[in-house]
There are 2 protein chains.
Amino acid sequence: MRILIYMAQKPEELYTAKFLVEKLNVSDKYLRRLMTDLSKSGFIKSTQGRDGGYTFAKEIHGISLYEVIDSVEGMNKLNDCVLGFDECSCTNPCAMHNEWVVVREKLNQLFTETRLSDLDFERISRY
Amino acid sequence: MRILIYMAQKPEELYTAKFLVEKLNVSDKYLRRLMTDLSKSGFIKSTQGRDGGYTFAKEIHGISLYEVIDSVEGMNKLNDCVLGFDECSCTNPCAMHNEWVVVREKLNQLFTETRLSDLDFERISRY
DNA sequence: ACTATATACTACCTGTTTGTATTATTTTAT
DNA sequence: ATAAAATAATACAAACAGGTAGTATATAGT
């Protein structure tokens with residue numbers, strides 16, 4: 001999220017791994033691994049070799065927070081049963097089910113509706 | 001949560017550790033540790049010795065899900081900055097701050113407003 | 001006294017998250 | 001050719017969550 005949001009400030013720019021590592025304060029290897037994952041997920045594309053780097057593979061207007069979270073860590077933490085039961089549904093609910101579906105839906109809605117282009121870059125002071 | 005919700009079905013009853021261990025499928029030692037924590041937090045009270053056990057220390061109408069979660073694991077996971085920055089506020093927001101406050105408030109509200117007595121015990125099929 | 005119960009403390013285990021480190025390979029502009 | 005860049009695969013490490021296990025002690029009803 002931090003990488004993509006940082007890049008979304010200037011979506012047309014080409015960013016090198018080295019540059020992003022400095023800006024975001026993470027290790028080189030870790031960032032590169034994430035970049036490769038983000039490439040495979042289709043959010044960004046890479047150009048190898050000298051003068052290479054990363055840039056968005058599609059319009060940032062078309063990238064929701066939901067898609068990003070889902071591709072990086074999956075949405076199961078949010079959408080699985082909050083008490084950990086394998087089989088838990090509205091017809092066979094756990095003790096928290098009915099309360100949790102309300103929250104779950106709110107979160108899914110927020111993440112699905114918010115796109116990288118919706119962020120207020122004027123206000124953000126940390127990436 | 002599972003323990004307290006189970007007990008809330010019959011809030012006046014005295015429950016032994018052994019009984020709850022069988023009903024909730026957790027280890028004896030683990031449950032006892034949790035019970036001691038819940039006692040210290042004031043949700044339940046214990047009577048030692050033969051014919052002892054646990055029962056609620058106050059009305060279940062007065063116990064919100066917020067209080068329970070807060071006493072067991074703290075609410076910092078929810079209320080700290082979602083991107084992990086130490087100093088993150090509305091005047092100094094991280095990239096996700098403005099989106100996250102909406103969710104945060106919704107969750108806090110739900111957990112604060114829902115009390116053990118509000119659960120629909122008729123419908124619940126797993127504890 | 002005996003027995004059934006809770007308490008306390010400590011150590012351990014297993015998996016996950018959130019990264020870091022190492023090493024070697026491939027690609028491309030100049 | 002060379003240098004600057006991305007790629008790939010693997011191992012490691014620290015912190016934390018979610019438990020389990022052991023052992024000994026305290027309490028209270030009969």
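Protein chains get the first letters and strands the later ones, always in sequence-line order, with residue 1 at the start of each. Keep in mind the model is a prediction, meaning the values are calculated, not measured.
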Protein-nucleotides 21-25 of chain D N/O pairs under 3.5 Å:
residue	atom	partner	partner atom	Å
D/dG22	N7	B/K29	NZ	3.0

Could you run down the sub-3.5 Å N/O contacts of the protein with nucleotides 1-4 of chain D?
residue	atom	partner	partner atom	Å
D/dA4	N3	A/R50	N	3.4

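Nucleotide C/dT5 holds its P atom 14 Å from the CE atom of B/M35, rounded to whole Å. Taking atom CG of B/N25 as the reference point, atom P of D/dG18 lies 18 Å away to the nearest angstrom. Distance A/I44 CD1 to D/dT7 C1': 13 Å, rounded to the nearest Å. The separation between A/R2 atom CZ and C/dT17 atom C1' is 15 Å, rounded to whole Å. To the nearest angstrom, P of D/dG18 lies 16 Å from CG of B/L31. The separation between A/K45 atom NZ and D/dA5 atom P is 19 Å, rounded to whole Å.
Applying the side-chain hydrogen bond (donor to acceptor under 3.5 Å, both in side chains) test to every pair with at least one member in residues 25-36 of chain B, sequence neighbours left out, gives these pairs: B/D28-B/R32.
Every residue two or more places apart in sequence or in another chain was checked for a salt bridge (charged side-chain N to carboxylate O under 4.0 Å, His left out) with B/K40, and none qualifies. Under the rule for a side-chain hydrogen bond (donor to acceptor under 3.5 Å, both in side chains), A/D80 has no partner lying at least two apart in sequence or in another chain. Applying the ring-ring contact (aromatic ring centres under 6.0 Å, His included) test to B/Y127 and every residue at least two apart in sequence or in another chain returns B/Y6. For the salt bridge (charged side-chain N to carboxylate O under 4.0 Å, His left out) test, no residue two or more places apart in sequence or in another chain qualifies with A/R2.
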Distance-only donor-acceptor hits, side chain of residues 15-24 of chain B, under 3.5 Å, sequence neighbours excluded:
residue	atom	partner	partner atom	Å
B/Y15	OH	B/M7	O	3.2
B/Y15	OH	B/K10	O	3.0
B/T16	OG1	B/F19	N	3.1

Side-chain donor-acceptor contacts of residues 65-75 of chain A below 3.5 Å, not counting sequence neighbours, with atom names and distances?
residue	atom	partner	partner atom	Å
A/E67	OE1	A/S64	N	2.9
A/E67	OE1	A/S64	OG	3.1
A/D70	OD1	A/M75	N	3.1
A/S71	OG	A/S41	OG	3.4
A/S71	OG	A/V68	O	3.3

Result block: side-chain N/O donor-acceptor pairs under 3.5 angstrom for residues 44-61 of chain B, not counting sequence neighbours:
residue	atom	partner	partner atom	Å
B/T47	OG1	B/G53	N	3.4
B/T55	OG1	B/E13	O	2.9
B/H61	ND1	B/S117	OG	3.4

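More than 12 heavy-atom neighbours from other residues, nucleotides or ligands sit within 6.0 angstrom of CG on A/N76.
Contact check, B/T36 against C/dT7: a side-chain N or O comes under 4.0 Å of OP1 or OP2. Within the 4.0 Å cut-off from OP1 or OP2 of C/dT7, not a single side-chain nitrogen or oxygen of B/R32 is found.
Distance alone, capped at 3.5 Å, places no donor-acceptor pair between the B/R104 side chain and the B/H97 backbone. A donor-acceptor pair is defined here as one N or O able to donate and one able to accept, closer than 3.5 Å; such a pair exists between the side chain of B/R126 and the backbone of A/E87. Between the side chain of B/N92 and the backbone N or O of B/S89, no donor-acceptor pair lies under 3.5 Å.
Between A/I3 atom CD1 and A/M1 atom CE the span is 10.5 Å, to the nearest 0.5 Å.
When each of B/T47 and A/D28 is assigned the nucleotide of DNA chain C with its nearest heavy atom, B/T47 is the one assigned upstream, toward the 5' end.
Of the residues in residues 70-87 of chain B, not one places a heavy atom less than 4.0 Å from an atom of DNA chain D. Taking every heavy atom of residues 16-23 of chain B and every atom of DNA chain D, no pair lies under 4.0 Å.
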Next on the checklist: Could you walk me through whether B/R115 and B/D118 satisfy the side-chain contact (heavy atoms from CB on, under 4.5 Å) test, starting with their C-alpha distance in whole Å, then the side-chain angles of each, then the deciding distance to 0.1 Å, before giving a yes or no?
Outcome noted: CA-CA 5 Å; B/R115 285 147 196 282; B/D118 297 330; 3.5 Å; yes
